[in-house]
Structures are given as C-alpha cells and as structure tokens.
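Each chain gets a letter, A, B and so on, in the order the sequences are listed, and its residues count up from 1.
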There are 2 protein chains.
Amino acid sequence: MKTKIVPRISETEWEVMRAIWARHPASANEVIERLQEVDPTWHPKTAKTLLTRLVKKGALGFEMEGRSYVYRPLVAEADCVAVASTSFLDRVFGGSLQPMLAHFVASRRLTRRELDELKRLLEDDAQKGRKS
Amino acid sequence: MKTKIVPRISETEWEVMRAIWARHPASANEVIERLQEVDPTWHPKTAKTLLTRLVKKGALGFEMEGRSYVYRPLVAEADCVAVASTSFLDRVFGGSLQPMLAHFVASRRLTRRELDELKRLLEDDAQKGRKS
DNA sequence: CTTCATGGATTACAGATGTAAGCGTTACGC
DNA sequence: GCGTAACGCTTACATCTGTAATCCATGAAG
C-alpha cells in the first residue's frame with residue numbers, strides 16, 4: 001500500500017480540500033458557503049485564490065458547468081491524511097506512535113462510547129494480523 | 001491548564017527544537033551533530049540560521065559560554081506539542097479525535113506491548129476523572 | 001441595445017520558510 | 001607575531017502562504 005504522491009497542502013488549503021472532499025463536484029460558491037458555515041470570516045476572494053492554487057498544484061480538477069466551474073478532488077483524502085499524519089508524527093513525536101496516542105488520549109476527555117470504540121479497535125488489531 | 005502562547009514553529013524548526021529539548025543547554029555544534037545523526041544532509045549553516053530564527057521568535061534563549069553560545073528552550077516542549085497536536089487534529093480530522101486515533105491505530109502495526117500499554121491508558125482514563 | 005452584476009484571470013504584497021553564502025573578528029597553533 | 005580556522009553576524013533569494021483587490025468578458029435584466 002504505497003502512498004501516492006500528493007502535492008503539499010498548506011494549513012488553509014486543507015480547509016478548502018475538506019470542504020470539497022465532503023461533497024463534490026462543488027462550485028466555487030458552494031465551497032465558499034461551506035467554508036463560511038464553519039468560519040464566517042472566510043473571504044470569497046481568498047477562497048477563490050486557494051481554489052486556483054489547488055488546481056495549479058494538481059490537488060483539484062475542474063470543469064465548466066454552465067457559466068462557472070465545478071471542482072473535484074484529484075487526490076484522495078485518505079492519501080493526504082496519511083501523508084499529513086506521518087509528517088506530523090515524525091515532526092512532533094519523532095515518529096513514535098505510542099507517545100502520540102498517549103498524548104491525545106490524555107489531552108481530551110473521551111466519551112464512554114469513544115473509549116469502548118477505541119478499545120474495540122485495539123482488540124481487533126490485537127486479534128488479527130499480529131505477526132509476532 | 002491554559003496553554004501558553006508559543007511562537008509558531010515550522011516543520012524544519014521542529015527538528016532543531018527537538019534536538020535542544022532532548023538535552024540542553026546545547027551549543028550550536030552539539031545541535032548540528034544531533035541533527036546530522038538523524039539526517040546527515042543537514043548543512044551547518046542552515047542549522048545556524050534556524051537557531052537564530054528560533055531565538056528571534058522567542059523559542060530559544062542563549063548565553064555566551066566561552067567562545068560560543070549555548071542555547072536553551074524558552075518554550076516547553078509539552079506546550080508546543082499541545083498546540084501542534086490541536087492544529088493537526090483540526091486541520092486533518094476536523095477536530096474529531098476518535099477518527100484520528102482510529103487512523104493511527106489502523107495505519108501502524110503496534111506491538112503487543114504497545115497495545116497493552118495503550119489499553120491500560122484507556123482503562124485509567126475510563127476509571128478516573130469521568131464526568132458524564 | 002446598454003448596463004450591471006458575476007465569475008474567472010491577473011496582479012499585489014508582506015511575511016514565513018528552506019537553504020545557504022559571504023563578511024568580520026579573534027583565539028590558537030606554529 | 002601571523003595566518004587560519006571557528007564562530008557569530010549579515011545578507012541572499014526563490015518559494016510558499018495568507019489575504020485580497022483589480023481587471024475583464026459576458027450573460028442577464030431592463
């Protein structure tokens with residue numbers, strides 16, 4: 001499962017990508033609306049600039065639909081998540097998974113439901129695919 | 001437990017900070033050595049530039065010791081880790097902890113030891129401090 | 001037809017980042 | 001004493017980022 005090469009996506013660009021991954025294709029205005037739902041300070045012009053940049057980077061594609069563009073992702077969210085996660089893990093925790101997990105578990109109150117869910121994940125992991 | 005204000009630390013700067021948090025105070029050359037142990041392509045001049053920038057940002061302090069400087073962190077690693085972690089979580093997982101943990105658990109093979117350790121963490125978390 | 005609103009294209013611009021090279025001073029080896 | 005290696009200080013510079021504003025073409029409204 002080699003990770004595809006994905007363009008580098010900046011902090012702000014991530015917000016735009018997430019808006020599009022959520023539902024696509026999406027017009028610029030749809031994207032802007034979604035962004036503003038989360039953060040009303042988003043300026044339309046700024047969003048447009050980022051869309052253009054993401055196209056240039058190869059992260060997004062677009063087609064004319066009527067009088068305007070609709071955008072769609074050209075890179076899979078899962079791939080970008082994988083790349084960003086590895087980068088974060090290396091950078092902040094020196095690549096050590098366990099301390100990182102410990103940090104997050106300790107830093108947030110998880111609901112009972114989430115704890116159970118997570119433990120289930122660990123159980124599954126422990127059961128199957130264990131080599132050693 | 002309010003998080004202190006920490007300067008923004010870039011990707012590359014993190015490597016430098018981690019080298020210093022590991023053991024300090026440390027001279028520029030010590031830092032460079034540590035960096036090169038991990039990645040031999042580190043150029044001394046580049047490292048020096050970053051040290052200077054980190055001082056300017058207020059992330060590092062230094063004192064003259066003999067003929068050269070020794071640097072020490074002015075920001076706690078834990079604080080920087082907390083800030084970077086929250087930022088990452090928001091950016092990549094929209095702030096949802098559980099999917100993020102699921103991703104990491106699924107993406108890496110954890111050792112039996114690590115699994116147990118993690119489950120113990122979850123148990124502790126479940127036991128104490130649960131509000132709802 | 002003419003005007004205006006709308007959306008894409010182009011331009012702006014400062015600050016952050018990655019990656020160093022060059023300059024100047026000075027303690028140390030000869 | 002004198003040249004040289006070491007260090008810190010200053011400068012370089014192309015990109016990337018964040019954040020928009022302006023320009024331009026065209027379809028829609030009147």
Side-chain angles (χ1 to χ4, degrees), chain A residues 6-20 25-36 38-72 80 83-84 87-88 90-92, chain B residues 5-20 25-33 35-36 38-72 80 83-84 87-88 90-92:
Chain A
V6 295
R8 182 177 184 74
I9 295 174
S10 81
E11 188 120 354
T12 316
E13 286 166 353
W14 261 93
E15 295 186 54
V16 176
M17 288 305 291
R18 282 173 41 81
I20 290 181
S27 71
N29 281 339
E30 285 170 335
V31 172
I32 290 167
E33 273 176 44
R34 291 176 203 172
L35 290 171
Q36 291 183 330
V38 176
D39 175 2
T41 71
W42 264 97
H43 192 298
K45 292 289 189 182
T46 301
K48 294 296 301 299
T49 298
L50 290 172
L51 284 171
T52 304
R53 281 187 188 168
L54 285 165
V55 168
K56 197 166 307 171
K57 285 185 178 190
L60 293 177
F62 65 91
E63 310 152 27
M64 211 32 115
E65 179 166 306
R67 17 196 292 69
S68 53
Y69 293 167
V70 289
Y71 298 85
R72 69 179 70 249
C80 291
V83 167
S87 160
F88 165 73
D90 287 346
R91 188 160 37 88
V92 178
Chain B
I5 292 166
V6 295
R8 180 177 188 72
I9 294 174
S10 80
E11 188 120 356
T12 315
E13 287 165 354
W14 262 91
E15 296 186 53
V16 176
M17 290 304 291
R18 284 175 37 82
I20 290 181
S27 70
N29 282 340
E30 285 169 336
V31 171
I32 290 167
E33 272 174 45
L35 290 172
Q36 291 183 330
V38 176
D39 175 2
T41 71
W42 264 98
H43 192 296
K45 290 289 191 181
T46 302
K48 294 297 301 298
T49 299
L50 290 172
L51 284 171
T52 303
R53 280 186 189 168
L54 285 165
V55 168
K56 196 166 306 169
K57 285 185 178 188
L60 295 178
F62 65 91
E63 311 152 26
M64 211 34 117
E65 181 166 305
R67 16 198 291 69
S68 53
Y69 292 166
V70 290
Y71 298 86
R72 69 179 70 248
C80 290
V83 167
S87 161
F88 165 74
D90 287 346
R91 188 160 38 86
V92 178

Problem set entry | Strand-adjacent residues in residues 43-62 of chain A, judged by heavy atoms under 4.0 Å from DNA chain D | A:H43, A:K45, A:T46, A:T49, A:R53, A:K57

Problem set entry | Short side-chain N/O contact from A:Y71 to OP1 or OP2 of C:dG7, under 4.0 Å | no

For this session: Report the residues that fulfil salt bridge (Lys or Arg N to Asp or Glu O under 4.0 Å) with A:E63, sequence neighbours left out, ordered by chain and then residue number.
Result: A:R72

For this session: Hey, can you tell me if B:F88 and A:F88 have their rings parallel, tilted or perpendicular (30° and 60° cut-offs)?
Result: parallel

Exercise. B:T49 side chain to B:K45 main-chain N or O, any donor-acceptor pair under 3.5 Å?
Worked result: yes

Exercise. What's the CD-P distance between A:E13 and D:dT15, to the nearest Å?
Worked result: 17 Å

Problem set entry | CG-CD1 distance between B:L60 and B:I20, expressed to the nearest 0.5 angstrom | 4.5 Å

Exercise. Nearest-Å distance, CH2 (A:W42) to P (D:dT17)?
Worked result: 13 Å

Problem set entry | C:dG18 phosphate, OP1 or OP2, under 4.0 Å from B:T12 side-chain N/O | yes

Exercise. Pick one: which of A:R8, A:R18, A:R53, A:K57 meets salt bridge (Lys or Arg N to Asp or Glu O under 4.0 Å) with A:E13?
Worked result: A:K57

For this session: Could you tell me the separation between the CD atom of A:E65 and the C1' atom of C:dG8, rounded to a whole number of Å?
Result: 16 Å

Exercise. To the nearest Å, how far apart are A:E33 CD and C:dG7 C1'?
Worked result: 15 Å

For this session: Figure out the CD1/C1' separation between B:I32 and D:dA6, and round it to whole Å.
Result: 11 Å

Problem set entry | Working for side-chain contact (heavy atoms from CB on, under 4.5 Å), residues A:V31 and A:W42 | CA-CA 11 Å; A:V31 172; A:W42 264 97; over 6 Å; no

Exercise. Does a donor on one side chain and an acceptor on the other come within less than 3.5 Å for A:E65 and A:S27?
Worked result: no

Exercise. Quick one: B:E15 CD to C:dT19 C1', roughly how many Å, whole number?
Worked result: 13 Å

For this session: Would you mind reading off the distance between B:E11 atom CD and D:dT17 atom P, rounded to a whole angstrom?
Result: 11 Å

Exercise. OH of B:Y69 to CG of B:L51: how many Å apart, nearest 0.5 Å?
Worked result: 11.5 Å

For this session: Applying side chain to side chain contact (heavy atoms under 4.5 Å, CB included) between A:Q36 and each of A:V38, A:I32, A:D39, report the one that passes.
Result: A:I32

For this session: Rounded off to whole Å, could you give me the CD1-to-P distance for the A:I9 and D:dT15 pair?
Result: 21 Å

Can you tabulate the close N/O pairs, meaning under 3.5 Å, that link protein atoms to atoms of nucleotides 3-6 of chain C?
none

Exercise. Mapping B:Y69 and A:R8 onto DNA chain D by nearest heavy atom, which one lands closer to the 5' end?
Worked result: B:Y69

